[in-house]
Number of protein chains: 2
Amino acid sequence: MKNLVSRCPIEEVMQLLSGRWPTLLIYYLSDGTKRFSDLQRDNPTISHKMLTMELRKLEDAGIVRRTEFEGYPRRVEYDLTADGERLVPLIDALGDWWDGVNAATDAPADQAIMI
Amino acid sequence: MKNLVSRCPIEEVMQLLSGRWPTLLIYYLSDGTKRFSDLQRDNPTISHKMLTMELRKLEDAGIVRRTEFEGYPRRVEYDLTADGERLVPLIDALGDWWDGVNAATDAPADQAIMI
DNA sequence: TCATGGTTACAAAAAGGTGCGTAATTTACG
DNA sequence: CGTAAATTACGCACCTTTTTGTAACCATGA
C-alpha cells in the first residue's frame with residue numbers, strides 16, 4: 001500500500017495501522033516504556049528490520065516517542081505519545097467488536113441460551 | 001500477512017481490515033446497499049479482481065452480506081450486516097482521532113489560538 | 001452483441017527475512 | 001598494559017514470499 005487513493009482520514013489511518021505489527025506494537029507500548037530488545041522479546045517473530053521500520057513509521061506519525069541515551073551499549077527507549085495513548089482505547093474497541101462478532105457466530109445456540 | 005502470530009483479537013481484526021480497501025468499502029457500504037458496479041464507481045482505482053476478493057473476505061467475516069438476484073444482466077447487491085454496521089462508528093472514530101493528531105501537529109499555533 | 005459479475009493465469013510490485021557491518025564503551029584476558 | 005570480546009540498536013544489500021494488477025475468458029439473457 002504505497003500511496004493513497006483518496007484524501008480521506010480513514011484511508012490515512014489505515015495506511016498507518018495496516019499490517020500485523022503497528023497495532024501490536026502500540027498494544028505492547030501501552031504497557032509502558034520499552035526498549036528495542038523488550039519489543040523483540042514481546043513478539044519474537046518480528047525481524048529487527050521490520051521492528052525498526054515500524055517503530056520509525058509510528059514515530060514519524062507522532063504516535064511513538066523515541067529516546068536515545070548515551071552510553072555503553074547503546075540504549076534507546078520507546079513509549080507512546082499523548083496521541084498514541086488516545087489511540088489505544090480505539091484499538092481495544094476494535095478487538096472487543098471482533099470478539100462480539102465471533103461470540104455470536106461461533107456458538108449461536110449457546111449464546112442465545114446464555115442471554 | 002498470511003497467518004497470525006498471536007491469538008489476540010486485535011491481530012485478528014487487523015488481518016481483516018488491513019490494506020487500502022476494507023475500510024473504504026465498509027465506508028461506502030455504510031451509505032446503503034450497493035451493487036458491484038456502484039462500488040467500482042465509488043473507487044475507480046480498485047481492480048475488479050481486488051474488489052471481488054475484498055468483498056468475499058468481508059462476506060466471510062460476516063461484515064458484508066451478498067445478495068444475488070435472478071435476471072437479465074446478473075445483479076448482485078452488497079450491504080453491511082448488523083455486525084458491519086456496528087463497526088462503522090469504530091472506523092469513524094479512528095478517522096476522527098487521526099484528524100485530531102494532524103490538527104495538533106500541522107498547525108499547533110493556530111490551533112492553540114482557536115481554542 | 002452487450003452488460004454484469006466473476007474466474008483464472010501470468011507478470012509486476014511490494015513486503016518481509018537473513019546476515020553482515022558499525023558505533024561506543026565496558027569487561028575479560030594474557 | 002594492550003587488546004580482544006561483548007553488548008545494543010540499528011543500516012544496508014541481497015533474496016524470497018506475498019500481494020496486487022493486467023488481461024483474457026466465461027455465463028446469462030435481452
Side-chain angles (χ1 to χ4, degrees), chain A residues 1-6 11-25 28-29 32-61 64-80, chain B residues 1-6 11-25 28-29 32-61 64-80:
Chain A
M1 197 172 40
K2 217 54 200 290
N3 21 239
L4 297 169
V5 141
S6 64
E11 205 191 332
E12 293 178 20
V13 203
M14 289 319 291
Q15 186 171 38
L16 178 67
L17 300 183
S18 276
R20 172 143 58 223
W21 307 115
T23 50
L24 282 183
L25 294 179
Y28 284 122
L29 286 172
T33 300
K34 301 250 181 172
R35 300 183 53 178
F36 189 87
S37 46
D38 292 330
L39 292 168
Q40 277 189 113
R41 238 164 281 125
D42 283 336
N43 26 44
T45 61
I46 195 173
S47 69
H48 72 253
K49 173 184 170 183
M50 269 298 105
L51 185 51
T52 43
M53 287 176 61
E54 298 291 315
L55 286 171
R56 194 77 64 204
K57 188 172 73 173
L58 294 173
E59 195 196 343
D60 290 346
V64 161
R65 175 176 34 233
R66 196 185 104 107
T67 318
E68 199 169 341
F69 296 90
E70 302 292 319
Y72 336 40
R74 194 198 308 196
R75 185 167 137 248
V76 182
E77 286 187 354
Y78 295 91
D79 60 354
L80 294 181
Chain B
M1 197 170 44
K2 216 56 200 288
N3 21 237
L4 297 168
V5 141
S6 64
E11 206 191 332
E12 293 179 19
V13 204
M14 290 319 293
Q15 187 170 37
L16 177 68
L17 300 182
S18 276
R20 173 144 56 227
W21 307 115
T23 51
L24 282 182
L25 294 179
Y28 285 120
L29 287 173
T33 300
K34 301 248 179 172
R35 301 183 50 179
F36 188 87
S37 47
D38 293 329
L39 291 168
Q40 275 188 119
R41 237 164 281 126
D42 285 335
N43 28 43
T45 61
I46 196 174
S47 69
H48 82 233
K49 173 185 169 182
M50 268 296 102
L51 185 51
T52 42
M53 286 176 60
E54 297 291 314
L55 286 171
R56 194 78 62 206
K57 187 172 73 172
L58 294 174
E59 195 197 344
D60 291 345
V64 161
R65 173 176 36 233
R66 197 186 104 109
T67 318
E68 200 169 342
F69 297 89
E70 303 290 320
Y72 330 50
R74 196 197 311 197
R75 184 167 139 250
V76 181
E77 287 187 353
Y78 295 91
D79 60 352
L80 294 180

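A, B, ... follow the sequence lines: proteins, then strands. Residue 1 opens every chain.
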Does B/Arg56 pair with B/Glu54 as a salt bridge, N-O distance under 4.0 Å?
no
A/Leu51 CG to C/dT18 C1', straight-line distance once rounded to whole Å
16 Å
Atom CD of A/Glu68 to atom C1' of D/dG11: distance rounded to whole Å?
13 Å
Here the distance between atom C1' of C/dT4 and atom CG of B/Leu39, to the nearest Å, is 14 Å
Report the nucleotide, chosen from C/dT18, C/dT4, C/dG5, that has the shortest atom-to-atom distance to any side-chain atom of B/Pro73.
C/dT4
Does B/Arg35 put a side-chain nitrogen or oxygen below 4.0 Å from OP1 or OP2 of C/dG5?
yes
Give one of base, sugar-phosphate or nothing for B/Tyr78, where a contact means two heavy atoms less than 4.0 Å apart.
sugar-phosphate
Taking NZ, NE, NH1 and NH2 as the nitrogens, is one of them in B/Glu59 or B/Lys57 under 4.0 Å from a carboxylate oxygen of the other?
no
Nearest-Å distance, CG (B/Leu55) to P (C/dT4)?
16 Å
In whole angstroms, the gap separating C1' of C/dA3 from CG of B/Asp38 amounts to 14 Å
Between B/Leu17 and A/Met14, which heavy-atom pair has the shortest distance, and what is it?
O-CE, 3.3 Å
Determine the contact category for B/Ser47: base if any of its heavy atoms lies under 4.0 Å from a base atom, sugar-phosphate if only primed atoms, P, OP1 or OP2 are that close, otherwise nothing.
base
A/Glu70 CD to C/dT26 P: how many Å, rounded?
12 Å
When you measure only distances, ignoring hydrogens and angles, does the side chain of B/His48 come within 3.5 Å of the base of D/dT22 through a donor and an acceptor?
no
For a quick test of reading the model: is some side-chain N or O of A/Arg75 closer than 4.0 Å to OP1 or OP2 of D/dT7?
no
Salt bridge or not between A/Arg41 and A/Asp38? Use side-chain N to carboxylate O under 4.0 Å.
yes
Closest to the 5' end of DNA chain D, once B/Arg74 and B/Lys49 are matched to their nearest nucleotides, is B/Lys49
Ranking B/Arg41 and B/Arg56 by the position along DNA chain C of their nearest nucleotide, the one closer to 5' is B/Arg41
If you compare every side-chain N and O of A/Ser37 against the phosphate oxygens of D/dA9 (OP1, OP2), does one of them come in below 4.0 Å?
yes
Can you tell me which nucleotide in D/dA9, C/dG16, D/dA24 comes closest to the side chain of A/Met50?
C/dG16
What is the distance from CE of A/Met53 to C1' of D/dA9, rounded to the nearest Å?
16 Å
I'd like to know if B/Asp79 and B/Lys34 make a salt bridge, using a cut-off of under 4.0 Å between side-chain N and carboxylate O.
no
Tell me: CZ of A/Arg20 to C1' of C/dA15, nearest whole Å?
11 Å
